[in-house]
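Notes to accompany the following structure.
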Amino acid sequence: MISQKLQKAREYELEKQVEKDQKPLFHITSQVGWINDPNGFSVFENEYHMFFQYHPYSTIWGPMHWGHVKSKDLIHWETMPCALAPDEAYDEAGCFSGSALEWNGKHILAYTAVSRIKNEEGEMEDRQQQAIAIGDGTNYVKLEKNPVITADMLPEGSSKIDFRDPKIFEEDGKIYMVVGSRHQDGSGQMALFSTEDVENWKFENIICQCNNEYGKMWECPDFFELDQKHVLITSPQSMEATGLEMHGGNNVIYFVGEYDKEKKEFRRGKATCVDFGLDFYAPQTTLTKDGRRVMIGWLQNWDNYLTPDRQIWSGMMTIPRELSIKNGKLIQTPIKELDDIWKDHIVFEKTDLNQEKIGNENIAGRVFDMTVKVSGEFNQFKIQVAENEKYHTDLIFYQKDNIFTVDRLVSGMTKDLLTNRSMKINPAKEHTFRIIMDKYSLEIFADDGEKVMSSVVYTTLNADKISFSSDGNASMKVDFKK
Ligand code: FRU
């Protein structure tokens, strides 16, 4: 038996479908409506499942449902019926972000149930609590015992309003959950809970605290072992920009550190930005069937709403990225499965690109995987994509300062929002930039995946030329796959 609210969402999304050629080819989107955060990224019965924050009825955020897609290879995604609707008293204001796990043959979803209550001053405020739904890969039943974790289980002084985004994982026969919470100092903390049966949960410890160092509330935690270290990824709200290292507003940071399993304490070092692009938030990871740690993020950010009016769908996810640690840094590499989809491979070389702008008729399009190697002496080396007589999106490498910039000023934006962002890259004689475009998304991997930039570009699809220019003497080799 499914609720009326869920039934309504499932019928609605079936009615509304957009022609495939208008949608990204291998990036997750919804059929219709608004999406944010990836949720429940997991393997169940040998298939990859991804859920997401979802409001089917409009292209802006509304009462949160969980949308659902699945895949065999992380590239081709099949749309599944809406998985959760806010249909219980304890989640009537939304089924917020969470995660999933295969456990004893069942698919376990953990999410934040949001309701509204009148506080002591008579004002309405959120109650955020953790809830469980169990399913078979299509239909999910919420536990009678929900919410299974309430903010009363947190240490005194912790917020009852900001307590969300459970990430569950299995360790030593138990299920653990890290959840974002807010300490009485006003900034984030990560709470750890455990259970042996999914219904009865125990508070373990606060494994890590923000201490007002990196933004305020810490949303969407992920915590995992990688290359003999532990990594905590979180999405802080209300950050202040620090040079090019962190941007303002909602950021995503990671810590590589040591986890004391006995004491349940994570010793964190300095935070590093996960993605330097204009549009990246709330990433989540899972382990692939062959043991790779793979991350997908929301290819958008709260302050940058760019969805064109012509679209009935809003928001997409990044390409899945394999993670590893090298010299204490998190390295991101587009999943290897992507290599199998390309039909054409073109190589284009030019040794003395000087004060000119060049292209190649075979190097064009809005869906491609392009690796550009560049060396020489110049101030700027520029790659323009999604270009026609009216539009262009610029990727500029400033050699002297080792800065890479993405600039979408002339990319058909009809709102006065952020148009460019820059990141510092490591000095080197030759630089390699891997640029992946899938109609409206641009993901750039520099420094072998140590520096990544994800941004959206909603230029109309007929802007599909690509050109290269430099103001000095540049040597370049372009490997173009489409
Ligand atoms: C992050 C977030 C989460 C919350 C969800 C609501 O983008 O704010 O903390 O669960 O979005 O849609």
Side-chain angles (χ1 to χ4, degrees), residues 37-51 66 96-112 130-135 140 143 148-149 153 163-181 189-208 218-235 254-268 274 282-297 320-325 330:
D37 313 2
N39 294 157
F41 188 20
S42 55
V43 179
F44 177 67
E45 291 181 340
N46 268 319
E47 291 182 307
Y48 296 103
H49 287 257
M50 178 60 97
F51 304 80
W66 273 36
F96 275 21
S97 283
S99 53
L101 192 67
E102 178 161 21
W103 195 69
N104 291 340
K106 297 268 182 341
H107 205 192
I108 314 288
L109 310 185
Y111 69 98
T112 299
Q130 315 319 319
I132 299 285
I134 301 184
Y140 294 84
L143 289 188
V148 290
I149 299 178
M153 295 161 74
F163 179 36
R164 59 182 175 272
D165 312 334
K167 171 72 200 238
I168 50 174
F169 55 95
E170 203 178 336
E171 201 171 83
D172 306 328
K174 284 190 189 176
I175 298 180
Y176 286 91
M177 176 195 284
V178 272
V179 198
S181 156
Q189 59 183 7
M190 289 305 169
L192 182 76
F193 295 85
S194 69
T195 182
E196 287 177 36
D197 60 10
V198 183
E199 296 208 351
N200 300 291
W201 292 80
K202 174 176 150 222
F203 171 74
E204 294 276 356
N205 202 12
I206 297 293
I207 61 163
C208 182
W218 279 4
E219 303 188 309
C220 303
D222 201 339
F223 186 56
F224 50 87
E225 205 181 322
L226 184 66
D227 298 336
Q228 288 89 49
K229 295 278 179 196
H230 262 84
V231 179
L232 175 71
I233 297 181
T234 183
S235 300
Y254 72 87
F255 300 97
V256 176
E258 306 291 334
Y259 181 49
D260 185 331
K261 263 195 188 179
E262 295 306 310
K263 292 195 183 137
K264 309 270 187 291
E265 277 171 12
F266 175 67
R267 274 189 290 278
R268 64 167 175 85
V274 174
Q284 197 170 83
T285 71
T286 195
L287 270 185
T288 60
K289 295 177 258 176
D290 57 359
R292 290 169 289 158
R293 177 64 61 179
V294 170
M295 175 178 81
I296 291 184
R321 301 163 183 181
E322 294 172 17
L323 301 183
S324 58
I325 294 176
L330 192 69

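Below, each value reflects all heavy atoms present in this structure, side chains not excepted, and no hydrogens, waters or symmetry copies.
Within the 4.5 Å cutoff, the side chain of F224 has heavy atoms near those of the L323 side chain. Using a 4.5 Å heavy-atom threshold, the side chains of W218 and L232 count as touching. No side-chain heavy atom of T195 sits less than 4.5 Å from a side-chain heavy atom of M177. With a 4.5 Å cut-off on side-chain heavy atoms, P38 and C220 do not count as touching. Between F169 and F223 the shortest side-chain heavy-atom distance falls below 4.5 Å. Residues M295 and D222 are not in side-chain contact: their nearest non-hydrogen atoms beyond the backbone lie 4.5 Å or more apart. I132 has its side chain out of reach of E199: every pair of non-hydrogen atoms, C-beta onward, lies at least 4.5 Å apart. V179 places none of its side-chain heavy atoms less than 4.5 Å from the side chain of M190.
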- [ ] List the steps and the verdict of side chain to side chain contact (heavy atoms under 4.5 Å, CB included) for L330 and L226.
- [x] CA-CA 10 Å; L330 192 69; L226 184 66; 3.9 Å; yes

TODO: Step by step, work out the side chain to side chain contact (heavy atoms under 4.5 Å, CB included) result for R267 and Y259.
DONE: CA-CA 6 Å; R267 274 189 290 278; Y259 181 49; over 6 Å; no

TODO: Could you go through the side chain to side chain contact (heavy atoms under 4.5 Å, CB included) check for N205 and K263 one step at a time?
DONE: CA-CA 8 Å; N205 202 12; K263 292 195 183 137; 5.7 Å; no

- [ ] Any chance you could lay out the side chain to side chain contact (heavy atoms under 4.5 Å, CB included) test for I134 and W103, step after step, and finish with the verdict?
- [x] CA-CA 10 Å; I134 301 184; W103 195 69; over 6 Å; no

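A salt bridge does not link E322 with R293: none of the charged nitrogens is closer than 4.0 Å to a carboxylate oxygen. With respect to the salt-bridge test (charged N to carboxylate O, under 4.0 angstrom), the residues R292 and D290 qualify.
In this structure, L287 and V43 approach most closely via the heavy-atom pair O-CG2, 3.5 Å. Nearest heavy-atom pair across G105 and F44 is O-CE1, 3.7 Å. Between K167 and T285, the shortest heavy-atom contact is NZ-O, 2.7 Å. Closest approach of F266 to C208, counting heavy atoms only: CD2-SG, 4.0 Å. Nearest approach of I108 to I168, heavy atoms of both residues: O-CD1, 3.9 Å.
Around atom NZ of K106, no more than 12 heavy atoms belonging to other residues, nucleotides or ligands sit under 6.0 Å away. Counting non-hydrogen atoms of other residues, nucleotides and ligands closer than 6.0 Å to CD of Q228 gives a total of 12 or fewer.
To the nearest 0.5 Å, the span separating CE on M153 from CD on Q130 amounts to 10.0 Å. One finds the OG atom of S235 at 7.5 Å from the CG atom of D37 (value rounded to the nearest 0.5 Å). For the atom pair E265 CD and I206 CD1, the distance stands at 11.5 Å (nearest 0.5 Å). To the nearest 0.5 Å, atom NZ of residue K202 and atom CD1 of residue I149 are 12.5 Å apart. Separation of atoms CE (M50) and CH2 (W66) is listed at 10.5 Å; rounding is to 0.5 Å.
The closest side-chain donor-acceptor pair between N39 and S97 falls under 3.5 angstrom. For the residue pair T234/E219, the side-chain donor-acceptor check at 3.5 Å is not satisfied.
Distance alone, capped at 3.5 Å, is enough to place a donor-acceptor pair between the Y48 side chain and the K289 backbone.
Applying ring-ring contact (aromatic ring centres under 6.0 Å, His included) to F51 and the options F41, F96, Y140, Y111 leaves one that passes, Y140. Paired with S42 under the rule side-chain hydrogen bond (donor to acceptor under 3.5 Å, both in side chains), one option of Q284, H49, H107, E102 passes, and it is H107.
By the 30° and 60° cut-offs, the orientation of the rings of F193 relative to F163 is tilted.
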